[in-house]
**Q** 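Next up is a structure, given as structure tokens.
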Amino acid sequence: MSEPAPATDHPLSFLSRRRFLKVALAGGGVLLGTAGGGLALRGCAPDVDGLRLLDAQAYRTLSRLVEVMFPASALIPVDAQAFDLPRLFDGWLADEPEALQGDLKTALTLVEFGPILFEARLHTFSNLPPAERAAHWQGWGHSRLALRRQVSLGLRKFFNLVFFDRPEVWPHIGYPGPSLGVVSP
Amino acid sequence: MSGAILDLSQAPPPADLVVDVCVIGSGCGGGTAARVLAEAGREVVVLEEGGDRTGRQLTQRDGEMYDQLYMDRGGRATSDLGVTVLQGRALGGGGVINACDVVPIADGVLRHWVERHGLTDFTPEALAPYRDLALQDLSASRIADDQLNRPNALLRAGTEKLGWRGEVMMHNRVGCAGLGTCLIGCPIDAKRNPRFVSIPRAIEAGARFFTRARAVRIDDAEGELKTVTFRSLDARGYHERDTFTLRARTVILAANAIGSAQLLLRSGLGNDHVGRHLMLQPQMPIIARFAERTDPFRGIPQSYAITEFEREDDPEHGLWGFRVEPVMGTPGIVSTLLPFQGAAGLEAMTGYAFMAAALLLVPDRPSGRVEVARDGRPVIRYTQREDHQRRIRAAAEAAARAWLAAGAEEVFVPTLPPVSARTDAEVTRFRDLRFRVAAAPLVSAHQQGAVRFAASEKHGAADPEGRVYGTRGVYVFDSSGFPSSASSHTMAPIITVSRYLCDRLLTRMRA
Ligand SMILES: Cc1cc2nc3c(=O)[nH]c(=O)nc-3n(C[C@H](O)[C@H](O)[C@H](O)COP(=O)(O)OP(=O)(O)OC[C@H]3O[C@@H](n4cnc5c(N)ncnc54)[C@H](O)[C@@H]3O)c2cc1C
Ligand code: SF4
């Protein structure tokens, strides 16, 4: 039986991509002259208490990402920052297998250095002006590089799920809530 | 001996356990096997890595329920993230979180297994009594017309307008109040799933169910007594705790098409076919927007099917073509399927109450593979084939026509970027649908294959009685054995086949 050729465009699997992610990061360092140059551009992130797994840098990347994903809007006037979604992500990831923790931590570093790596800019994600940050993040989902789409998809799924699971959001999307009333998780 | 449910996150199992049968997994395959074998007087222990949640413990909230009721906390996917792989992980397995549609295995499919796959005993005549028993177990009945919620009624109206074949499906609910959260558990226990049928009966007959108990290895597969190594998990099922063993004369794998192959591979058991021939039957959503509220989150989410384009007796594949069925979830899960981000994403969700979504259900060839990573976790490799893509495109076009005939203002497929149509003329756009990895929301709920039944070990991993080739008493009684897609919905076929194989096993045991 003659089988048609596989039609997907994935070069490597996501979960075994750590080496690829690291090569990409090292490549970014080379672009900048030295890896240290990249770290300097990233700057310091404010300390965050009580994180289980992530560091302050990763927390800042996620906070910026949440701003981009759920901007203050007249349609859904809910302050996503008040939910501290990055901390929720940290708590979730802390209970995931080590291999996935490693992958996602590297993915967050990749997001932070995305503007440098993929657009040859001199700002990291957290340091981009907000409007440019939103445009840059859109590029991840539409990228020709499967790896960037995978990172975008993984993060979008997590944050959408937890954001739209919040009762504060429901009145704005016409959802009356669970039919038997809200039971706190 | 008295049966019971023992939560290993709270207490250790009895020491030095030796039993007739150890069943791994408590879903449609495992729950059924435990019941039939316990009722026949065998001493049965079931290992189940999920927890036991019923009634109001099923909170109708996305975050908590995907975390607690789904494998990998709802995050399971193929290795390239191309297909989200949904599987239940609870006492009762996928029956706890499924959509309750009952679609029995068709005679045409069974004939295909006999003729194409050499499973000469799987004739429609031989399986018919077990199919009836499965329908009884499920209290299967036709969904009443007045139980169709708005999206299902709309799709039906569109289908009838076009003169296509369609049907109101059978289901396994009794006393359903139309609360709408079937995919994250029914808080009034209206589902006649294994948790409320086979498991209580098995317990009555003396079977013991260990929850938060993950089987990690089977040894001495050729010996009289097999050793099963298992680990207790913490109360939320995140981390492994202590290691235990039990010994059993017979081990029955029913850990789903991924888990059964995974455990054989971890144990180094079986031939080269173990893990191969996986079918994910990936589905794709298509979403319609209406001018009036559809309130898709209320009522039975999936009750009507367009069956015009499905056939059950394709000479080469058995079940083939496609069908279309409405579906809807709670806001969290729906938002993960939409391709919009930022302000556009928020805007899209403000239309939630006006949406009606359908799934394009398209059977596939056995083209995937289960492997195991160094830490024992499964790695699911899957490449969507051109013929599957072609049928998804055709299904999208058909579904769009039906939604538009029902009065939808717009229909779109949530790929990145989305493809949409507002008129009949525009639906041809779906012919250009692209399936880039992580940009097309493919979802699998009906995994099959991976420990394929075959008349000879040259062609599969288990014999037609479910015994894994190369072992003496290790069996597979779930959809892992199906050589081609059994049905658009696998719950009833799994119960049918599990009951059938149990009877054969008992006959042999007695002999
Ligand atoms: C969202 C969704 C909707 C669906 N809707 C329908 C529908 O409407 N109609 C229909 O017919 N089918 C439906 N299905 C499919 C159907 O539910 C499954 O095919 C069926 O439940 C599979 O039964 P099973 O016994 O093979 O496996 P499962 O029901 O998946 O049970 C396997 C069990 O094994 C446990 N397990 C796995 N590995 C181990 C291990 N190593 N140790 C211990 N325990 C382990 C798991 O926790 C799980 O509980 C749906 C599935 C999903 C995910
Ligand atoms: S529709 Fe509601 S009441 Fe009916 S089975 Fe689903 S969750 Fe239960």
Side-chain angles (χ1 to χ4, degrees), chain A residues 1 3-10 12-16 68-71 73 75-76 88 92 95-100 134 137-138 141-142 144 146-154 156-158 160-166 169-170 172-185, chain B residues 56 59-64 66-67 73-75 77 79-82 177 179-181 187-188 236 238-239 293 297-298 330-336 338-339 341-343 345-347 349-354 365 367 373 375 377 379 381 383-387 389 416-417 435-439:
Chain A
M1 188 165 47
E3 290 284 329
T8 47
D9 57 351
H10 52 93
L12 290 163
S13 78
F14 181 71
L15 295 178
S16 59
V68 163
M69 283 183 169
F70 310 111
S73 137
L75 288 171
I76 302 188
L88 224 56
W92 166 79
D95 287 314
E96 282 294 294
E98 249 173 59
L100 187 68
W137 178 244
Q138 288 282 347
H142 292 272
R144 291 182 57 200
L147 174 78
R148 290 182 72 195
R149 297 199 304 272
Q150 289 161 331
V151 169
S152 163
L153 178 71
R156 257 193 303 132
K157 274 191 166 184
F158 178 88
N160 270 328
L161 189 97
V162 293
F163 178 78
F164 285 103
D165 189 33
R166 302 288 305 211
V169 175
W170 298 339
H172 308 291
I173 60 171
Y175 179 55
S179 29
L180 294 186
V182 177
V183 180
S184 290
Chain B
R56 295 305 301 275
T59 62
Q60 303 186 286
R61 297 287 297 274
D62 284 298
E64 171 76 352
Y66 280 98
D67 185 276
R73 306 166 77 184
S79 57
D80 62 359
L81 297 195
L179 303 179
T181 49
I188 59 165
R236 293 186 66 80
Y238 297 156
H239 305 284
R293 279 183 78 106
F297 35 77
R298 290 290 191 258
T330 24
I333 195 68
V334 171
S335 68
T336 67
L338 296 182
Q341 306 196 57
L346 297 181
E347 192 184 340
M349 278 304 286
T350 58
Y352 178 46
F354 297 79
R365 299 163 190 255
S367 58
D375 62 4
R377 293 166 59 76
V379 177
R381 306 221 182 264
T383 301
Q384 193 198 16
R385 297 202 174 265
E386 179 54 37
D387 65 72
Q389 299 186 348
L416 245 172
F435 297 87
R436 292 191 309 164
V437 161

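Below, read A as the first sequence line, B as the second, and so on, with proteins coming before strands; counting in each chain starts at 1.
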**Q** A/Trp137 versus chain B, heavy atoms under 4.5 Å apart: side chain, backbone, both or neither?
**A**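 It is both, since atoms from each part get that close.
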**Q** Between the main-chain N or O of B/Leu416 and the side-chain N or O of A/Arg149, is there a donor-acceptor pair closer than 3.5 Å?
**A**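 Flag not set: sc A/Arg149 to bb B/Leu416 has no pair under 3.5 Å.
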**Q** Enter the distance from A/Leu161:CG to B/Asp67:CG here, rounded to the nearest 0.5 Å.
**A**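 Rounded to the nearest 0.5 Å, the CG-CG separation comes out at 10.0 Å.
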**Q** Less than 4.5 Å apart, any side-chain heavy atom of B/Asp375 and any of A/Glu98?
**A**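 They are not in side-chain contact.
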**Q** Given a strict heavy-atom distance threshold of 4.5 Å, which part of B/Pro417 is in contact with chain A: side chain, backbone, both, or neither?
**A**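 Contact with chain A: backbone and side chain both.
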**Q** Report which part of A/Phe163 has an atom under 4.5 Å of a heavy atom belonging to chain B: side chain, backbone, both, or neither.
**A**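 Side chain only.
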**Q** Rounded to the nearest 0.5 Å, what separates atom OG in A/Ser152 from atom CD in B/Gln341?
**A**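 Interatomic distance, A/Ser152 OG to B/Gln341 CD, rounded to 0.5 Å: 4.5 Å.
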**Q** CZ of A/Phe164 to CD1 of B/Ile333: how many Å apart, nearest 0.5 Å?
**A**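 That separation rounds to 13.0 Å.
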**Q** Against chain B, label A/His142 side chain, backbone, both or neither, depending on which of its atoms sit under 4.5 Å from a heavy atom there.
**A**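 Its backbone and side chain both get close to chain B.
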**Q** What distance do B/Phe297 atom CZ and A/Ile173 atom CD1 have between them, rounded to the nearest 0.5 Å?
**A**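 Output value for this atom pair is 8.0 Å.
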**Q** Chain A heavy atoms under 4.5 Å from B/Arg298: which part of the residue, side chain, backbone, both or neither?
**A**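 Contact with chain A: side chain only.
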**Q** Got a donor-acceptor contact below 3.5 angstrom from the B/Arg293 side chain to the A/Gly174 backbone?
**A**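 At least one qualifying donor-acceptor pair exists.
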**Q** Start with the C-alpha gap between B/Met349 and A/His172, add the side-chain angles, then the distance that decides, and say whether side-chain contact (heavy atoms from CB on, under 4.5 Å) holds.
**A** CA-CA 9 Å; B/Met349 278 304 286; A/His172 308 291; over 6 Å; no
**Q** Give the minimum heavy-atom separation between A/Ser179 and B/Gln60, together with the two atoms involved.
**A**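 The answer is OG-NE2, 3.0 Å.
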**Q** Ignoring hydrogens and angles, tell me if any N or O in the side chain of B/Asp62 forms a donor-acceptor pair with the backbone of A/Asp165 under 3.5 Å.
**A**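 Such a contact is absent between B/Asp62 side chain and A/Asp165 backbone.
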**Q** Is a side-chain donor or acceptor of B/Thr336 paired with a backbone partner of A/Lys157 at a separation under 3.5 angstrom?
**A**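 No, because the side chain of B/Thr336 does not come within donor-acceptor range (under 3.5 Å) of the backbone of A/Lys157.
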**Q** Side chain from CB out, backbone as N, CA, C, O: work out which of these in A/Val162 comes under 4.5 Å of a heavy atom of chain B, or both, or neither.
**A**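 For A/Val162, neither part sits under 4.5 Å from chain B.
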**Q** Determine the option with the most heavy-atom pairs under 4.5 angstrom with chain A, choosing from B/Pro187, B/Pro331, B/Gly74.
**A**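 Going by pairs under 4.5 Å, I would pick B/Pro331.
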**Q** Look up atom CG in A/Leu180 and atom CG in B/Leu179, then write down how far apart they are to the nearest 0.5 Å.
**A**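 So the CG of A/Leu180 and the CG of B/Leu179 are separated by 5.0 Å.
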**Q** Without swapping roles, check the side chain of B/Glu347 against the backbone of A/Leu75 for a donor-acceptor pair under 3.5 Å.
**A**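 Side chain of B/Glu347 to backbone of A/Leu75, a donor-acceptor pair under 3.5 Å: no, none is there.
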**Q** What part of A/Leu153 is in contact with chain B, defined as an atom under 4.5 angstrom from a non-hydrogen atom: side chain, backbone, both or neither?
**A**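 The side chain, not the backbone.
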**Q** A side-chain contact here means heavy atoms from C-beta on lying under 4.5 Å apart; do A/Glu96 and B/Tyr238 qualify?
**A**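 The answer is no; the side chains never approach within 4.5 Å.
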**Q** Hey, is the main chain of B/Ser335 close enough, under 3.5 Å, to the side chain of A/Arg156 for a donor-acceptor pair?
**A**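 Side chain of A/Arg156 to backbone of B/Ser335: no pair is present.
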